[in-house]
*Asks:* 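First, the structure itself, so that you have it in front of you.
Just so you know, these numbers come straight off a predicted model, no measurement behind them. Only this structure's heavy atoms are used, side chains among them; waters, hydrogens and symmetry mates stay out. Indexing begins at 1, ligand by ligand and atom by atom, following the structure's order.
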Amino acid sequence: DLAEAPMALTPSDQGWDELLGTAPGPRMNATFVSLARNSDVWEIARSIRQVEDRFNRRYNYDWVFLNDKPFDATFKKVTSSLVSGKTHYGEIPHEHWSFPDHIDQDKARKVREDMAQRKIIYGDSISYRHMCRFESGFFFRQPLMLNYEWYWRVEPSIELFCDVHYDPFRFMAENKKKYSFVLSLYEYVETIPTLWDSVKKFMKNYPEHIVEGNSMGFLSDDGGENYNHCHFWSNFEVGNLEWLRSKAYVDFFESLDLDGGFFYERWGDAPVHSIAAGLLLKKEELHFFNDIAYYHVPFTHCPTGEKTRLDLRCHCNPKDNFDWKGYSCTSRFFDVNGYEKPEGYENQQD
Ligand code: GDP
Ligand code: MN
């Protein structure tokens, strides 16, 4: 009798998790991490859904959310329903999201007014500067992050275009990688006019932190005199938290922070992380994930190589791939490391 067994006519959700399958093998001590505002909830939801569908539904890694204000109930409800691992919500302490005492407020305000007039992107924003300083120097030291060794940064409104058929955290660990990227490009020089002066000062004061066999050739075309503005785009990162918590990295951040460029200019966390990765790590410790297909407005990384795209069920248009175009620094990364460029790169140069 149908009336007595209505549930039999609707698809049962029993067994759905088994159908999806859980990837075998060990898990690393790793987490996703997203800095977000409550108002970002639907944009971060889209990102999470894609990361889960393409990767994490089979791996169930945790997700840490960080905010300078308390997360509201909607944000927690929506995000925790999407993440297959455990979710954690942290509020950033005031000291990590405010002007340090040594900053001259008048000078910082004049810079913002001037940058607003010159129409420099986020040039007039205080919160954007706190965000860049936080991502440069503090996210890896939040209490919730201290529990983990590896992180994967996810921003609102990103896209993943291909399946991730292995564990990138495990790949990093097994191949002794510390920092990774999918997109690289030249930074707007207006936002970092004196960053390299500050870096040179650090190199002079802390020669013990500059490793041999680093990636200076990625950052500079003249052996370190000038910065060529190349950086890895930090809205995607898979990296090692112990490295960021090391004395070398913390000395680097604190030295830059004292020079004040997060407020007297508009230093981004991308060039800060990239220069650190370029100088404080051996070049073999950096990794380019060709097979993680990614979009963050306005750039796409779509894997070079048709076989990769078909095997990983990618849905990006290879013509959109930014890697080999003139404004990307990725071919420079390949040259510095002596890597052969993937097959088909010539067809994606314009
Ligand atoms: P863009 O990618 O450089 O254009 O900058 P976004 O607006 O994407 O900001 C970078 C990251 O910081 C994203 O994860 C944002 O959600 C986050 N973010 C930016 N501003 C704030 C803020 O004022 N508060 C919080 N909690 N997160 C922020
Ligand atoms: Mn963003």
*Asks:* Measuring centre to centre across the rings, with the benzene-like ring taken for any Trp, is F161 within less than 6.0 Å of Y294?
*Replies:* no

*Asks:* Under 4.0 Å between a Lys/Arg side-chain N and an Asp/Glu carboxylate O for K178 and E242?
*Replies:* no

*Asks:* Run the side-chain contact (heavy atoms from CB on, under 4.5 Å) check on W63 and S34 step by step: do they pass?
*Replies:* CA-CA 8 Å; W63 208 303; S34 296; 2.9 Å; yes

*Asks:* Please step through ring-ring contact (aromatic ring centres under 6.0 Å, His included) for the pair Y249 and F253, ending with a clear verdict.
*Replies:* CA-CA 6 Å; Y249 185 85; F253 169 74; 7.1 Å; no

*Asks:* Would you call D114 and K110 a salt bridge, taking side-chain N to carboxylate O under 4.0 Å as the test?
*Replies:* no

*Asks:* Without hydrogens or angle criteria, can the side chains of Y148 and D62 be said to hold a donor-acceptor pair below 3.5 Å?
*Replies:* yes

*Asks:* Have a look at E155 and say which of its N, O or S atoms is nearest the Mn ion (ligand 2).
*Replies:* OE1

*Asks:* With a 4.0 angstrom cut-off on heavy atoms, strictly below it, pick out the residues next to ligand 1 and order them by chain and number.
*Replies:* L35, A36, R37, D40, N67, D68, W97, Y122, S127, Y128, M131, E155, P156, H296

